[in-house]
Amino acid sequence: MMRTVVATRYVTPLREGGSLPGLVVADDECLHVVKCRGAGQGPRALVAEWIAGELGRAIGLTVPDLVGIEVDAKLGNAEPDQEIHDLVRASDGLNLGMDFLPGALGFNRAVATQEPIDAGFAADTVWLDALVTNPDRTVQNPNLLVWHGRLWLIDHGAALYIHHTWRDPDEHARRPFERIRDHVLLPFANSIEAADARHADRIDQELLAALVDAVPDEWLPLDPVAGDADDQRAAYIRYLSRRLEAPRSFVEEAERARRAA
């Protein structure tokens, strides 16, 4: 399911966030924002970016196209910044690319209060972020772009943080997600329970297996707790399947937070 392109030119670093993404041209003649597996967050951030982003797309949310992007270590040789040079060299091989949205503006909630935001879209986004435990869509760091009059979801690398330890994943999967109370779109959302009714059944075992099976082995290095790549794929599927089992405490928590907001 993951389309793969080859980066042919490193254009410029995008100095936003901790992962230091870069803008590259690829052999499909398109501009992509590349997320490097050699960045501080490591390859698990790419796994979270892929799974959460594609789940968003599966339920109809606007997420820029995601691709695997081959990066040659030599691509950064012309970059004068040693930090960028080292990052590209450490990311030789397959990374994650996101379609570049030229002219997109960052979401500003102060401006948004003067312009209508679709309440169903807001609820769907809150529901997705609660499902995948994404703490990174706040007023301080909304990770939303406005492009051609629509909101686009970006930067899901902090989601699915259970995979950094895989500590008690079955128990963790049944927990609410209390940090959803800080979600930037929560004040604009209508019923999260209604969003759950729209989408929970759309994410089935077949979809989860297809998305997780598409994760490259090199993003899943041997883990002393989670095991090899196949074991880790099984862990992601089990975790998300458990999270979707009814009753879903993350929905109840999000709805309480929405009413309070």
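Bear in mind that the values here come from a model prediction, so they are computed numbers and not experimental data.
- When the side chains of ILVMFWY residues are joined at heavy-atom separations under 4.5 Å, either directly or via intervening members, V6 and L31 end up in two distinct hydrophobic clusters.
- Between D27 and R9 there is no salt bridge, since no side-chain nitrogen of the basic residue lies less than 4.0 Å from a carboxylate oxygen of the acidic one.
- Ion pairing of R248 with E252 is absent here, as no side-chain N (NZ or NE/NH1/NH2) approaches a carboxylate O to less than 4.0 Å.
- Taking the six-membered ring for Trp and the full ring otherwise, Y236 and W166 have centroids separated by under 6.0 Å.
- Remark: D155 engages K35 in a salt bridge, criterion side-chain N to carboxylate O under 4.0 Å.
- A salt bridge is absent between R3 and D65: the closest approach of a Lys/Arg side-chain nitrogen to an acidic carboxylate oxygen does not fall below 4.0 angstrom.
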Working for side-chain hydrogen bond (donor to acceptor under 3.5 Å, both in side chains), residues D228 and Q232: CA-CA 6 Å; D228 63 16; Q232 291 177 63; over 6 Å; no

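- Here E253 pairs with R181 in a salt bridge; the nearest charged N to carboxylate O distance falls below 4.0 Å.
- The neighbour count for E206 CD, taken as heavy atoms of other residues, nucleotides or ligands under 6.0 Å away, does not exceed 12.
- The pair D182-R179 does not meet the salt-bridge criterion, since no charged nitrogen lies less than 4.0 angstrom from a carboxylate oxygen.
- Aromatic ring centroids of H183 and F188 lie 6.0 Å or more apart.
- A distance-only check finds no donor-acceptor pair linking the side chain of R44 to the backbone of L220 [under 3.5 Å].
- A donor-acceptor pair under 3.5 Å links the side-chain atoms of N143 to the main chain of D136, judged by distance alone.
- Neither L105 nor L185 shares a network with the other; the hydrophobic side chains, linked directly or stepwise wherever heavy atoms of I, L, V, M, F, W or Y lie under 4.5 Å apart, form separate groups for each.
- Between Y239 and H163, a ring centre-to-centre spacing not shorter than 6.0 Å is recorded.
- One hydrophobic cluster, built from ILVMFWY side chains closer than 4.5 Å, holds both F177 and V139.
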Intermediate values then yes/no, side-chain hydrogen bond (donor to acceptor under 3.5 Å, both in side chains), R243 and H172: CA-CA 9 Å; R243 196 136 181 83; H172 190 278; 5.5 Å; no

